[in-house]
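Order of the sequence lines fixes the chain letters, A, B, ..., with proteins taken first and strands second; residue numbering starts at 1 for each chain.
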Amino acid sequence: MRVPTVSKRGDVNFNMTPMIDVVFLLIIFFLVSSHLATREAHMPLPLPVADTGLDPYDQAGPRITVNVLSDGSLMVAGRPVSREGFERQLADRRAQMGPDVEVRIRGDRGTAYRFVEPIMRSCVQQGIWNVTFAVFRPEDVR
Amino acid sequence: MPRIRRVSQDRRDLDVKLTPMIDVVFLLLVFFLWTASFQIVERTLPGSLAEETPPGEVDLLDPPLPEDDFDNVVVRLRWIDEQVQWQINEVVLESGQALRDRLALIAEIQPEAPVVLHPDPDVPLGPVIDAYDASRWAGFDEVQFAASQETGSSARLPGDV
């Protein structure tokens with residue numbers, strides 16, 4: 001009577017390996033897909049280079065990221081917006097999140113300053129002083 | 001004969017153990033490949049703004065300092081023949097490195113002097129941020145962008161005649 005029980009136990013142990021394999025694969029799949037989902041928000045841009053940039057994880061708070069493309073067009077949350085549209089969004093966010101909201105300008109280093117200046121001016125007009133620029137470290141670019 | 005048999009048995013054992021090891025190694029390889037970020041880490045450069053007061057209006061936030069005590073260090077970036085020209089208080093500098101050196105020199109003497117960046121509308125953002133970075137790096141307490149009232153208009157600067 002004992003022999004069959006032993007063989008059954010052995011079967012159960014043997015089936016664990018593919019299950020662990022599959023579970024690991026699923027874990028990795030979800031990790032990777034979530035990673036890709038967060039990365040989607042970051043559009044690749046040749047950002048300006050600066051020595052005195054700070055670690056971005058030091059500032060955790062409400063934030064609006066605006067991308068300024070080389071032709072001067074604006075992208076917020078992956079969608080192109082007009083200047084008026086951006087100002088409306090800015091006013092909405094300012095009303096929702098208060099004056100401490102950070103406006104992060106991710107500008108192409110080749111875009112003309114006249115496209116960036118209105119963004120900063122809108123921020124000041126809305127009473128937002130926390131304007132930051134996304135930059136690369138020189139050693140990362142070279 | 002018994003020796004050969006043992007060797008072959010050993011080999012079979014080894015073969016059996018290799019498969020899960022390869023599995024795990026592949027899994028780890030894939031995991032680290034995917035999690036390794038090939039994207040360059042972005043850093044944050046805190047910006048600050050100075051709203052240019054129109055002529056005739058008094059800036060209520062900052063009481064005007066005596067002109068001779070702490071002159072603004074006005075860093076002007078001009079866009080001439082598709083090239084950037086750097087100026088500090090109307091003095092033309094030949095390169096970005098010269099700008100850095102000059103700013104470091106001024107910062108040693110008077111780090112309290114407010115630096116005002118005034119780029120031409122056509123200057124690309126790269127050199128603008130570079131000049132801003134240079135001023136911060138030099139150790140000035142206050143570096144600000146001059147925001148003119150109207151885009152593209154040639155605004156009057158405090159030092160302009």
Side-chain angles (χ1 to χ4, degrees), chain A residues 17-18 20-21 24-25 27-29 31-33 35-36 39 42 44-59 63 68 70 102-118 120-121 123-125 128-138 140-141, chain B residues 19-20 23-24 26-52 77 79 84 100 117-139 143-153 155:
Chain A
T17 316
I20 292 172
D21 260 19
F24 270 11
L25 270 177
I27 288 174
I28 286 171
F29 173 76
L31 272 179
V32 165
S33 54
H35 197 234
L36 284 181
R39 206 185 268 188
H42 268 209
L45 274 178
L47 299 178
V49 180
D51 285 313
T52 58
L54 309 173
D55 201 339
Y57 301 106
D58 289 348
Q59 299 97 23
R63 178 190 285 171
V68 188
S70 56
E102 176 191 342
V103 176
R104 185 178 172 84
I105 301 174
R106 293 184 79 239
D108 189 303
R109 72 179 79 129
T111 192
Y113 180 67
R114 67 164 171 272
F115 298 122
V116 181
E117 199 205 354
M120 299 199 284
R121 183 144 16 84
C123 291
V124 171
Q125 281 163 358
I128 300 168
W129 296 97
N130 191 2
V131 178
T132 59
F133 295 95
V135 291
F136 288 146
R137 271 188 309 190
D140 287 341
V141 175
Chain B
T19 318
D23 259 19
V24 168
F26 272 10
L27 270 177
L28 286 176
L29 197 75
V30 169
F31 176 78
F32 283 117
L33 270 182
W34 272 109
T35 50
S37 180
F38 297 111
Q39 218 172 11
I40 305 171
V41 182
E42 280 179 23
R43 299 177 74 78
T44 299
L45 195 65
S48 49
L49 305 167
E51 183 84 7
E52 192 175 306
L77 277 82
W79 190 241
V84 186
R100 268 173 195 268
L117 275 183
H118 198 277
D120 273 4
D122 286 329
V123 177
L125 187 64
V128 176
I129 295 294
D130 195 43
Y132 180 65
D133 181 46
S135 320
R136 277 168 55 86
W137 182 79
V143 187
Q144 291 181 317
F145 285 96
S148 53
Q149 291 293 320
E150 279 169 43
T151 327
S153 70

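Note that the CZ atom of Phe133(A) and the CD1 atom of Ile129(B) stand 4.0 Å from one another [nearest 0.5 Å]. One distance of note links CZ of Phe32(B) with CD1 of Ile28(A); it measures 9.5 Å at 0.5 Å rounding. For the atom pair CD1 of Ile105(A) and OG1 of Thr44(B), the computed distance is 12.0 Å after rounding to the nearest 0.5 Å.
Proximity to chain A (any heavy atom under 4.5 Å) is shown, for Asp122(B), by both the backbone and the side chain. With a threshold of 4.5 angstrom between heavy atoms, Asn130(A) does not approach chain B through any atom at all. Using a 4.5 Å cut-off between heavy atoms, Val135(A) contacts chain B through both its backbone and its side chain.
Between Arg104(A) and Glu42(B) a salt bridge is recorded (basic side-chain N to carboxylate O distance below 4.0 Å).
Arg109(A) is linked by a side chain to side chain donor-acceptor pair (under 3.5 Å) to nothing, counting only residues two or more places apart in sequence or in another chain. Contacts of Asp51(A) classified as salt bridge (charged side-chain N to carboxylate O under 4.0 Å, His left out), with partners at least two apart in sequence or in another chain: Arg100(B).
Side chain of Arg136(B) to backbone of Thr52(A): a donor-acceptor contact under 3.5 angstrom is found.
Within the 4.5 Å cutoff, the side chain of Leu45(B) has no heavy atoms near those of the Leu54(A) side chain. Put simply, the side chain of Leu125(B) does not reach to within 4.5 Å of the side chain of Val68(A), judged on heavy atoms.
The minimum heavy-atom distance linking Thr132(A) with Pro46(B) is given by the pair CG2-CA, 3.9 Å. Of all non-hydrogen atoms in Pro121(B) and Ala112(A), the two that sit nearest each other are O-CB, 3.5 Å.
Below 30°, between 30° and 60°, or above 60°: for Phe145(B) and Tyr113(A) the angle between ring planes is below 30°, a parallel geometry.
Other residues, nucleotides and ligands place more than 12 heavy atoms under 6.0 Å from the CH2 atom of Trp79(B).
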